[in-house]
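What follows is a single structure, written as structure tokens, with notes after it.
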Amino acid sequence: GAVVSQHPSRVICKSGTSVKIECRSLDFQATTMFWYRQFPKKSLMLMATSNEGSKATYEQGVEKDKFLINHASLTLSTLTVTSAHPEDSSFYICSARDRGPGPYEQYFGPGTRLTVT
Amino acid sequence: LAKTTQPISMDSYEGQEVNITCSHNNIATNDYITWYQQFPSQGPRFIIQGYKTKVTNEVASLFIPADRKSSTLSLPRVSLSDTAVYYCLVGESYGGSQGNLIFGKGTKLSVKP
């Protein structure tokens, strides 16, 4: 099946700094990528939908100025957590939707564990 | 987007067949039903997808009744490594505006020896 990678897999940063997380579709083109956040023992929460070449669509309650999303190419989307605080510590997961004809599958990355100290 | 309801948890023993049922009463005509598996600290992994009747692949079967208001994921002869959280999702699969997947609470399956 298709592979989605994330980098880094784990990051620790100090409060007030910014962190960038990359999401890549390795063997397919993805016009749409999604970013999720997952707290311990909780389900995945959709943060935003990212379309290549256009602005991301954020879910209600997600601050677009804090969570900057850039989908610059058909294989790469980035999530930047700006001015991170301890409450931003979470497991961030991206997914990518195959560009081909449907029905499509949504492929998930392995996740990035962010810890803000 | 159709909301889904699943049991919070299920227990089973190795070698048994496990059936996890999901309710989605408000499923729309264009919606597909997709099941994912998630291990701790990993991204969800696609298991199976269907629209109606029965779908089978190498790891699972998916049963969908005619009214499509529910679906059942069937895992044959589970092993300890099948211990995970299983999510049932409903959404458009042809890239429509409702194509983003919204996760419910999932079912935590615990397989015991």
Side-chain angles (χ1 to χ4, degrees), chain A residues 1-7 9-10 21 23-25 28-52 56-60 62 90-115, chain B residues 1 3-9 22 27-52 55 57-60 62 64 68 83-108 110:
Chain A
V3 177
V4 174
S5 70
Q6 280 184 243
H7 178 80
S9 59
R10 179 182 297 269
I21 303 170
C23 176
R24 293 180 185 274
S25 56
F28 67 100
Q29 292 183 327
T31 51
T32 306
M33 290 184 171
F34 305 90
W35 287 95
Y36 294 83
R37 180 167 53 180
Q38 186 174 33
F39 293 107
K41 299 189 186 303
K42 299 293 185 181
S43 184
L44 285 79
M45 286 175 23
L46 179 66
M47 299 175 67
T49 301
S50 167
N51 290 298
E52 185 262 339
T57 302
Y58 291 81
E59 295 298 303
Q60 192 172 9
V62 178
S90 188
F91 192 53
Y92 291 87
I93 306 171
C94 73
S95 69
R97 196 164 69 194
D98 199 320
R99 188 184 189 187
Y104 65 79
E105 293 178 20
Q106 197 160 313
Y107 305 100
F108 287 83
T112 297
R113 174 76 59 194
L114 170 63
T115 303
Chain B
L1 295 172
K3 181 181 175 181
T4 60
T5 303
Q6 304 173 232
I8 295 296
S9 64
C22 177
I27 189 169
T29 303
N30 293 335
D31 287 343
Y32 276 69
I33 301 154
T34 311
W35 286 80
Y36 286 85
Q37 175 193 56
Q38 188 183 28
F39 297 112
S41 296
Q42 294 186 27
R45 183 177 75 98
F46 173 89
I47 300 175
I48 198 166
Q49 182 181 76
Y51 184 80
K52 62 180 179 180
V55 180
N57 62 22
E58 61 275 10
V59 297
L62 179 59
I64 306 168
R68 303 201 326 122
T83 294
V85 178
Y86 292 82
Y87 293 98
C88 159
L89 293 96
V90 172
E92 284 193 26
S93 285
Y94 280 88
S97 60
Q98 299 299 313
N100 50 313
L101 297 177
I102 304 298
F103 282 77
K105 297 185 187 305
T107 297
K108 182 175 171 55
S110 298

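So you know, we letter chains A, B, ... as the sequences are listed, proteins then strands, and number each from 1.
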A:Phe28/A:Tyr107 under ring-ring contact (aromatic ring centres under 6.0 Å, His included): CA gap, chis, key distance, verdict: CA-CA 10 Å; A:Phe28 67 100; A:Tyr107 305 100; 5.2 Å; yes

Contact origin within B:Tyr51 toward chain A - heavy atom pairs under 4.5 Å: neither

Which residue out of B:Pro40, B:Ser41, B:Gly104 racks up the most heavy-atom pairs below 4.5 Å with chain A? B:Ser41

Which portion of A:Lys41 sits near chain B, non-hydrogen atoms under 4.5 angstrom: neither

Selection from B:Lys108, B:Lys105, B:Gln38 maximising heavy-atom pairs under 4.5 Å formed with chain A: B:Gln38

Is the B:Tyr36 to B:Tyr87 ring centre distance short of 6.0 Å? no

At a 4.5 Å cut-off on heavy atoms, which part of A:Ile93 comes close to chain B: side chain, backbone, both, or neither? side chain

Do you see a donor-acceptor pair shorter than 3.5 Å between the side chains of B:Gln37 and B:Tyr86? yes

Comparing A:Ser95, A:Gly111, A:Gly109, A:Ser43 against chain B, the one with the most heavy-atom pairs below 4.5 Å turns out to be A:Ser43

Under a 3.5 Å cutoff, is there a donor and acceptor pairing between the side chains of A:Gln6 and A:Thr112? yes

Is the terminal nitrogen or CZ of B:Arg45 (NZ for Lys, CZ for Arg) located under 6.0 angstrom from the six-membered ring centre of A:Phe108 and within 45° of that ring's axis? no

